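Below, chain A is the first sequence line, B the second, and so on; all start at residue 1. Since this is a predicted model, take the numbers as computed values, not measurements.
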Protein chains: 2
Amino acid sequence: MKYMTAPSLRPLERSIQDRLATRGVRFTKGRRAVLSALGAADGPRSAAELYQELGQRVPLSSLYRTLVVLEETGVIDPHHGLRGVMRYELAEWIRGHHHHVVCSSCGAVEDVELDEETEKELARLVDTVASSVGLDPSAHSLEVEGRCRRC
Amino acid sequence: MKYMTAPSLRPLERSIQDRLATRGVRFTKGRRAVLSALGAADGPRSAAELYQELGQRVPLSSLYRTLVVLEETGVIDPHHGLRGVMRYELAEWIRGHHHHVVCSSCGAVEDVELDEETEKELARLVDTVASSVGLDPSAHSLEVEGRCRRC
DNA sequence: TTCCTTGCAAACGATTTGCATTGGA
DNA sequence: TCCAATGCAAATCGTTTGCAAGGAA
């Protein structure tokens, strides 16, 4: 189990661009900027956070539209975080499967990767829960909440 | 106009009232109504849903204020659901610990209780995750997403 | 050139708050 | 009684959308 390291987007740009192109979506400056900010982040980011991190150079409305497009094309994944704010991060196929630790005080969200053993155990739990209600599990997330070191 | 009290809630009214009284919070008709609606629900409810279920007898603004107060006094727990809508349910000490299955299609949320064995296994996972990032786990939740039988 | 994309402002839905009034302990 | 709680309307916050102008293929 370890903190995730931000992957360099460079080697992935090609496959991302292809994915967009296939659907007639252009790989523009603004979209590149958003993706690179997400690539450098240590956890999911909201529109407002990205707006700040990009030096307000991408207007909020464009940012929201970019997030919609990138989600639709499967390049980023949405997360329903604290206080009903939507946060996004690079899709699993780019960033890998992981979980979140949420600080109940400051609301910060951090990525955590489980080791294979633990993740396998979790997968079994998920199957148990899902089958008990007759549901085909498409996704799961384990959220652990508590006060982080800074708070 | 009388509000029905859910049977399961009745033996707890005293301790809830005490909890409120301790903090100078009154146990009013509207708050009783909200609690009884939550007591009768099979999953977390949003303000809008409660508004309907209470026959619009409690104005939305009062409802929101009630939810804030009840959360602050630890009588209900918030649940950050799909699409930026906040849902609430009776606190764990009233309702018992459980988890949620979310339908990725219709957004319905349903409570699931794990058997002791499974819950214990989950608790170990949570401890593993939390201690690895130096966080004192105050709460955890396992959310399983998928398409429900109706969808 | 042809569409897709952007930027601005206005529109929106969910939630919050100011203020005068009501009501519970 | 006295202060918390309510109801209404207006304000706010996060997010979406209409429309005219700009930009990538």
Results of side chain to side chain donor-acceptor pair (under 3.5 Å) for R26(A) - residues two or more places apart only = none
Report the residues that fulfil side chain to side chain donor-acceptor pair (under 3.5 Å) with R45(A), sequence neighbours left out, ordered by chain and then residue number.
->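 Testing R45(A) for side chain to side chain donor-acceptor pair (under 3.5 Å), a comparison that skips the adjacent residues, returns D42(A), E53(A).
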Atom [atom1] of [X] and atom [atom2] of [N]: how far apart are they, to the nearest Å?
| X | N | atom1 | atom2 | answer |
| --- | --- | --- | --- | --- |
| E71(A) | dT15(D) | CD | P | 12 Å |
| L50(A) | dG14(D) | CG | C1' | 14 Å |
| Q56(A) | dC8(C) | CD | C1' | 16 Å |
| L63(B) | dT6(D) | CG | P | 10 Å |
| R57(A) | dG7(C) | CZ | P | 11 Å |
| L54(A) | dT6(C) | CG | C1' | 15 Å |
| E72(A) | dT5(C) | CD | P | 11 Å |
| L67(A) | dT6(C) | CG | P | 11 Å |

Show me, pair by pair, the donor-acceptor contacts under 3.5 angstrom made by side chains of residues 60-70 of chain B, not counting sequence neighbours?
from, atom 1, to, atom 2, distance (Å)
T66(B), OG1, S62(B), O, 3.0

Could you grab the distance from atom CZ of R23(A) to atom CD of E72(A), nearest 0.5 Å is fine?
->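 Those atoms lie 9.5 Å apart.
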Distance, nearest 0.5 Å, that separates CG of L38(A) from CD of E49(A) =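 Nearest 0.5 Å value for the CG-CD distance: 10.5 Å.
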Inter-axis angle, terminal five-pair segments of the helix from dT1(C)-dA25(D) to dA25(C)-dT1(D) [nearest 10°] |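 Helix axis angle between the two ends: 40°.
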Measure from the side-chain N and O atoms of R57(A) to the backbone N and O of L54(A), and report whether any donor-acceptor pair falls under 3.5 Å.
->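 Side chain of R57(A) to backbone of L54(A), a donor-acceptor pair under 3.5 Å: yes, one is there.
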Using distance alone, with no hydrogens and no angle criterion, decide if H79(A) and E89(A) have a side-chain donor and acceptor under 3.5 Å apart.
->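 The criterion, which ignores hydrogens and geometry beyond distance, is satisfied for E89(A) and H79(A).
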For V69(B), report the nucleic acid contact type (base, sugar-phosphate, nothing); a contact means any heavy atom under 4.0 Å.
-> nothing
With B for base contact, S for sugar-phosphate-only contact and - for none (protein heavy atoms under 4.0 Å), nucleotides 16-25 of chain D reads BBBB---BB-
Pairs touching residues 117-148 of chain B that satisfy ring-ring contact (aromatic ring centres under 6.0 Å, His included), sequence neighbours left out =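 Pairs touching residues 117-148 of chain B that pass the test: H97(B)-H140(B), H99(B)-H140(B).
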R95(A) with D77(A): basic N within carboxylate O range, under 4.0 Å =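 Answer for the salt bridge query: no.
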